[in-house]
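Reminder, nothing fancy here: chain letters follow the sequence lines and each chain counts from 1.
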2 protein chains.
Amino acid sequence: MGAATIRDVAAKADVSVASVSRVLNGLANVSAGTRERVEQAARDLGYVPHAGARSLSMAKSHTVGVLLPDMHGEFFSELLRGMDLEANRRGYLLLFSNLHAGSSQGEAALRAMRGKVDGLVVMAPHLDEATLAQALPPSIRAVLINAPGDVRSHSNIRVDNQVGVQAVVAHLRELGRQRIAYIGGPSGNIDARERGAAFAAAAGDSALMREGDFSVESGELAIRGLLDEGAAFDAVFAANDMMALGALRGLEAAGRRVPGDIAVAGFDDVPLASYLHLTTVKVGIAELARRALGLLIDELGDPARPLTAHRHTPTLVVRQTTVGS
Amino acid sequence: MGAATIRDVAAKADVSVASVSRVLNGLANVSAGTRERVEQAARDLGYVPHAGARSLSMAKSHTVGVLLPDMHGEFFSELLRGMDLEANRRGYLLLFSNLHAGSSQGEAALRAMRGKVDGLVVMAPHLDEATLAQALPPSIRAVLINAPGDVRSHSNIRVDNQVGVQAVVAHLRELGRQRIAYIGGPSGNIDARERGAAFAAAAGDSALMREGDFSVESGELAIRGLLDEGAAFDAVFAANDMMALGALRGLEAAGRRVPGDIAVAGFDDVPLASYLHLTTVKVGIAELARRALGLLIDELGDPARPLTAHRHTPTLVVRQTTVGS
DNA sequence: CTGAAAGCGCTTACAG
DNA sequence: CTGAAAGCGCTTACAG
């Protein structure tokens with residue numbers, strides 16, 4: 001309600017608002033007496049500076065906008081966790097908005113954020129380059145996570161999908177697996193495309209590829225399809241953990257033993273993967289998110305800083321769905 | 001960078017800033033010609049209103065602060081999903097902050113948010129009433145989720161733990177289970193306490209109770225302890241799903257059949273629960289969060305609105321860990 | 001229907 | 001070391 005303003009503090013301490021501002025911001029040029037009186041007054045009034053006014057005046061909000069696609073589960077929470085960690089550490093706040101549905105949603109969110117944030121972290125693996133370029137003018141400071149193509153208008157950081165896929169394929173080969181069935185993600189998703197391409201390149205002609213939509217169900221469906229067709233394969237590699245879980249379920253239902261008959265691997269390393277002993281690729285999404293936000297804050301602090309592009313290297317995590325205990 | 005301001009638009013359209021403001025806010029008292037020129041100018045300049053300045057001027061930010069404890073996984077993402085849904089629907093933005101560690105963190109976050117948000121949604125099942133009352137003066141509009149005790153300074157909404165616990169116990173009884181082992185959550189958590197009390201009341205003297213910390217590991221540990229002691233029980237009820245999963249794992253390792261030998265139930269209904277066919281209590285956290293934010297926005301729109309307290313009724317979800325297929 | 005002006009709560013040169 | 005004043009980008013009575 002009628003929260004105290006800087007004027008109230010100034011009046012109570014019998015000084016100018018300029019002095020109050022100086023004291024509260026820890027500037028040096030204030031006499032000890034003034035400092036003392038201002039601090040006392042501020043305490044008495046329970047004064048809390050109005051961050052909105054402050055940021056208007058300073059043209060700096062110490063807030064960054066986070067635009068994320070409509071995500072579920074652990075992936076999402078890990079992402080936010082990583083950013084929150086870094087935001088806390090560096091004195092920033094996170095203004096959040098989901099990027100559901102159409103790109104008009106995204107534009108609306110962007111408009112609503114102008115003047116409230118200093119920059120943006122945008123994750124948009126499903127947006128094409130043109131849409132992105134249009135919605136995000138270079139004048140807006142932003143760091144992109146897993147954005148498609150070679151966007152050069154903003155810094156970006158992406159998972160190195162190729163390294164991850166190669167590691168899995170090499171691992172399966174070492175185990176002597178001959179024929180790997182691959183369950184890909186939706187083709188509208190850049191990570192799905194990269195993983196699929198990397199797999200095709202690594203596995204060669206023998207590739208047995210099916211497409212899912214990143215859901216548990218689609219993974220199960222794909223496996224059932226393969227089994228029904230009588231396809232021969234001794235390993236399954238799904239483009240994400242959820243589909244790998246579906247595959248696991250489908251194989252179990254069909255009486256196939258894992259990894260005895262068929263080895264299974266996924267991608268992402270969601271917490272659930274460790275619970276189910278799934279061999280997978282650990283993306284380290286929290287760390288990736290932390291880096292993205294850190295990068296953005298660095299750029300905000302130094303506008304002359306050149307844009308950069310980063311690859312986040314994932315690591316293979318071997319568990320019992322490939323090397324059964 | 002030098003983004004266009006309302007002045008630039010006014011100059012370009014050759015009208016006053018007042019007229020620009022009127023047009024952009026859709027006020028009626030503007031001539032068609034003026035409206036047209038302003039809209040054209042705004043379009044040409046790619047003008048986006050400065051939301052920060054707007055909210056300072058209107059003393060309304062259309063943003064609500066979300067203070068959540070340090071949470072992992074699905075619970076967290078569902079919570080945010082529910083709020084985001086409602087925020088989107090009602091034209092609000094969400095300013096996010098984790099409430100890690102000490103209460104000083106919380107106060108810092110609160111200070112940082114003043115002047116940027118119109119109100120708060122606070123989830124603090126681990127804070128005691130005194131701390132909460134001190135950190136959250138009645139002058140700050142807020143809705144509490146699962147707050148302890150009878151805070152009457154703010155509206156609140158809580159899961160009806162008793163109803164959930166009773167449903168599970170009744171279900172197990174109906175199945176003929178005689179002795180239910182209960183794995184409780186950390187006593188510092190209000191939900192854990194409520195569930196424990198409800199269980200003790202429903203199960204009576206025969207109660208076999210152990211305490212965990214809501215983690216998978218603690219659930220597994222509790223079960224191992226019980227089995228090692230040679231305790232007799234034919235059902236396990238864990239205060240959350242994660243511990244129930246730990247119990248499942250512990251039972252499996254010990255060669256006990258579920259639900260043949262021992263029925264298992266959890267609480268929360270995280271997505272993982274459905275994947276593993278765990279009987280549990282569906283809290284509907286997204287819906288709860290949605291209601292909380294909706295309530296807050298209602299209050300912001302009508303300051304005279306009396307504070308209210310709500311119970312969110314959870315529902316029993318029966319799956320194969322109690323009634324095996 | 002339109003504009004000049006005050007005000008939202010701060011910060012920051014500029015004088016002194 | 002201190003204060004009066006202008007300014008951040010908007011909105012909104014108040015006159016006309």
Side-chain angles (χ1 to χ4, degrees), chain A residues 1-39 41-42 45-63 93 111-118 139, chain B residues 1-39 41-42 45-63 93 111-118 139:
Chain A
M1 310 280 96
T5 75
I6 196 173
R7 281 184 133 84
D8 300 324
V9 178
K12 178 136 193 167
D14 201 32
V15 296
S16 70
V17 296
S19 289
V20 175
S21 177
R22 290 187 190 106
V23 170
L24 266 29
N25 288 306
L27 301 198
N29 49 346
V30 189
S31 74
T34 300
R35 179 175 306 279
E36 173 57 28
R37 291 217 309 290
V38 168
E39 281 168 349
L45 294 169
Y47 173 68
V48 177
H50 188 289
R54 190 154 199 270
S55 67
L56 176 59
S57 173
M58 297 178 55
K60 192 103 177 54
S61 65
H62 281 274
T63 302
L93 245 27
R111 286 181 70 91
M113 283 187 170
R114 130 107 160 133
K116 302 193 145 175
V117 303
D118 297 331
S139 61
Chain B
M1 308 282 97
T5 74
I6 195 173
R7 280 185 134 83
D8 301 324
V9 178
K12 177 136 192 164
D14 201 32
V15 297
S16 70
V17 296
S19 288
V20 176
S21 178
R22 290 188 190 103
V23 171
L24 266 28
N25 290 304
L27 301 199
N29 48 347
V30 188
S31 74
T34 300
R35 179 175 305 280
E36 174 57 28
R37 292 218 308 291
V38 167
E39 280 167 350
L45 294 169
Y47 173 68
V48 178
H50 189 289
R54 190 154 199 268
S55 66
L56 177 59
S57 173
M58 299 179 53
K60 195 103 176 53
S61 65
H62 282 273
T63 302
L93 245 24
R111 288 180 68 92
M113 282 185 170
R114 129 106 160 132
K116 305 194 142 175
V117 303
D118 296 332
S139 60

Closest contact, heavy atoms only, [X] versus [Y]:
| X | Y | result |
| --- | --- | --- |
| A/K60 | A/S55 | O-CB, 2.9 Å |
| B/A51 | A/A112 | CB-O, 3.6 Å |
| A/Y47 | A/I6 | CE1-N, 3.5 Å |
| B/A3 | B/D8 | O-OD2, 4.3 Å |

Given [options], the nucleotide with the shortest approach to the side chain of [X]:
| X | options | result |
| --- | --- | --- |
| A/M58 | D/dC10, C/dT12, D/dC14 | C/dT12 |
| A/I6 | C/dC10, C/dC8, D/dC10 | C/dC10 |
| B/S19 | D/dT12, C/dT2, C/dG9 | C/dT2 |
| A/V15 | C/dT2, D/dG3, C/dT11 | D/dG3 |
| A/Y47 | C/dC10, D/dG9, C/dC1 | C/dC10 |
| A/T5 | C/dC10, C/dT11, D/dT11 | C/dC10 |

Distance in angstrom units between [X] [atom1] and [N] [atom2], rounded:
| X | N | atom1 | atom2 | value |
| --- | --- | --- | --- | --- |
| A/L56 | C/dC8 | CG | C1' | 9 Å |
| B/K60 | D/dG9 | NZ | P | 23 Å |
| B/H50 | D/dT11 | NE2 | P | 12 Å |
| B/R37 | C/dC1 | CZ | P | 14 Å |
| B/D118 | C/dC8 | CG | C1' | 14 Å |
| A/L27 | D/dC1 | CG | C1' | 12 Å |
| B/H62 | C/dC8 | NE2 | C1' | 15 Å |
| B/N29 | D/dA15 | CG | P | 17 Å |

Classify [X] by what it touches in the nucleic acid, base, sugar-phosphate, or nothing, heavy-atom distance under 4.0 Å.
| X | value |
| --- | --- |
| B/R22 | base |
| B/T34 | sugar-phosphate |
| B/A18 | base |
| B/R114 | sugar-phosphate |

request  = Starting from the 5' end of DNA chain C, give me the residue, A/G52 or B/S31, whose nearest nucleotide shows up first.
outcome  =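 Counting from the 5' end, the first nearest nucleotide belongs to B/S31.
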
Would one find a side-chain N or O of [X] under 4.0 angstrom from OP1 or OP2 of [N]?
| X | N | answer |
| --- | --- | --- |
| A/S55 | C/dC10 | no |
| A/R54 | C/dT11 | yes |
| B/S21 | D/dT11 | yes |

request  = Decide yes or no, distance alone: a donor-acceptor N/O pair under 3.5 angstrom between the base of C/dC10 and the side-chain of A/S57.
outcome  =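 Under the 3.5 Å cut-off, the side chain and the base do form a donor-acceptor pair.
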
query = Would you find more than 12 non-hydrogen atoms of other residues, nucleotides or ligands less than 6.0 Å from B/N25 atom CG?
reply =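 Counting neighbours around CG of B/N25, more than 12 heavy atoms of other residues, nucleotides or ligands fall under 6.0 Å, so yes.
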
inquiry  = Using Watson-Crick or G-U wobble geometry with both distances under 3.5 Å, which nucleotide pairs with C/dA13?
reply    =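 Across any shown strand, C/dA13 pairs with none.
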
inquiry  = Quick one: does any side-chain atom of B/S61 pair with a main-chain N or O of B/K116 as donor and acceptor, under 3.5 Å?
reply    =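 Judged by distance alone, yes, a pair lies under 3.5 Å.
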
